[in-house]
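Input: a single structure, listed below in structure tokens.
The sequence lines fix the lettering, A, B, ..., with proteins before strands; numbering per chain opens at 1.
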Amino acid sequence: MNIYVGNLAYETNEKDIETAFTAYGQVSEVRLITDRYSGRSKGFAFVEMPNQQEAEAAIQDMNGKSLQDRTITVNEAKPRDNSGQRGGGSRSW
DNA sequence: GTTGAGCGTT
């Protein structure tokens with residue numbers, strides 16, 4: 001299950017998220033979203049957990065919790081929008 | 001500071 005983690009502090013790293021979520025179960029991958037043009041954190045991240053029940057437990061327990069003085073939002077991630085799809089260079093012409 | 005980008009075939 002893909003999990004969305006929002007309202008993170010800029011000081012938060014993938015290791016912090018991984019440590020926080022691995023406590024509830026197995027974490028397959030952690031992706032801290034950073035701005036591609038500035039290299040800074042966007043303030044949210046995604047966590048992938050192979051076990052659904054552990055993922056739900058992590059979501060329910062982590063949602064609304066405070067991490068580094070920031071109340072984070074945790075819920076199931078939505079599929080990516082068109083924003084991440086390749087095609088910046090118009091190739092469809 | 002709130003839903004993921006890789007510029008060319010993973």
Rounded to the Å, how far apart are [X] [atom1] and [N] [atom2]?
{"X": "A:Y37", "N": "B:dG6", "atom1": "OH", "atom2": "C1'", "answer": "10 Å"}
{"X": "A:D81", "N": "B:dT3", "atom1": "CG", "atom2": "P", "answer": "10 Å"}
{"X": "A:R31", "N": "B:dT2", "atom1": "CZ", "atom2": "C1'", "answer": "17 Å"}
{"X": "A:L8", "N": "B:dG4", "atom1": "CG", "atom2": "P", "answer": "14 Å"}
{"X": "A:L32", "N": "B:dA5", "atom1": "CG", "atom2": "C1'", "answer": "15 Å"}
{"X": "A:K78", "N": "B:dG4", "atom1": "NZ", "atom2": "P", "answer": "8 Å"}
{"X": "A:N63", "N": "B:dT3", "atom1": "CG", "atom2": "P", "answer": "15 Å"}

Do [X] and [Y] land in one hydrophobic cluster if side-chain heavy atoms of ILVMFWY residues count as linked below 4.5 Å?
{"X": "A:M62", "Y": "A:V47", "value": "yes"}
{"X": "A:V30", "Y": "A:I59", "value": "yes"}
{"X": "A:F21", "Y": "A:M1", "value": "yes"}

| Looking for any heavy atom pair under 4.0 Å, which part of the strands does A:R36 touch: base, sugar-phosphate only, or nothing? | sugar-phosphate
| How is A:R40 classified with respect to the nucleic acid when contacts are heavy atoms under 4.0 Å: base, sugar-phosphate, or nothing? |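 Touches nothing.
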| task | For the side chain of A:I33, starting at C-beta, report the closest nucleotide among B:dG6, B:dG4, B:dT2. | result |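 Per side-chain heavy atoms of A:I33, the pick is B:dG4.
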| task | Would you please confirm or rule out a distance under 4.0 Å between OP1 or OP2 of B:dA5 and any side-chain N or O of A:K42? | result |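 Yes, such a contact exists.
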| With A:N63, which residues qualify under side chain to side chain contact (heavy atoms under 4.5 Å, CB included), at least two apart? | A:T73, A:V74
| query | Hey, is A:F46 stacking on B:dG4? Ring centres under 5.5 Å, planes under 30°. | reply |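 Stack criterion met.
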| request: Could you check whether A:Y4 and the base of B:dT3 form a stacked pair, meaning centres closer than 5.5 Å and planes differing by less than 30°? | output: yes
Which whole number of Å gives the distance between the [atom1] atom of [N] and that of [M]?
{"N": "B:dG6", "M": "B:dT10", "atom1": "C1'", "answer": "9 Å"}
{"N": "B:dT3", "M": "B:dC7", "atom1": "C1'", "answer": "23 Å"}
{"N": "B:dG4", "M": "B:dG8", "atom1": "P", "answer": "23 Å"}

| Quick check: does any side chain N or O of A:Q26 sit under 3.5 Å from a backbone N or O of A:N51, one acting as donor and the other as acceptor? |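 Absent.
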| task | Could you tell me whether the side chain of A:N75 has a donor or acceptor atom within less than 3.5 Å of a complementary atom in the base of B:dT3? | result | yes
| note | Sorted by position of nearest nucleotide on DNA chain B, 5' first, the leading residue of A:N7 and A:T34 is A:N7
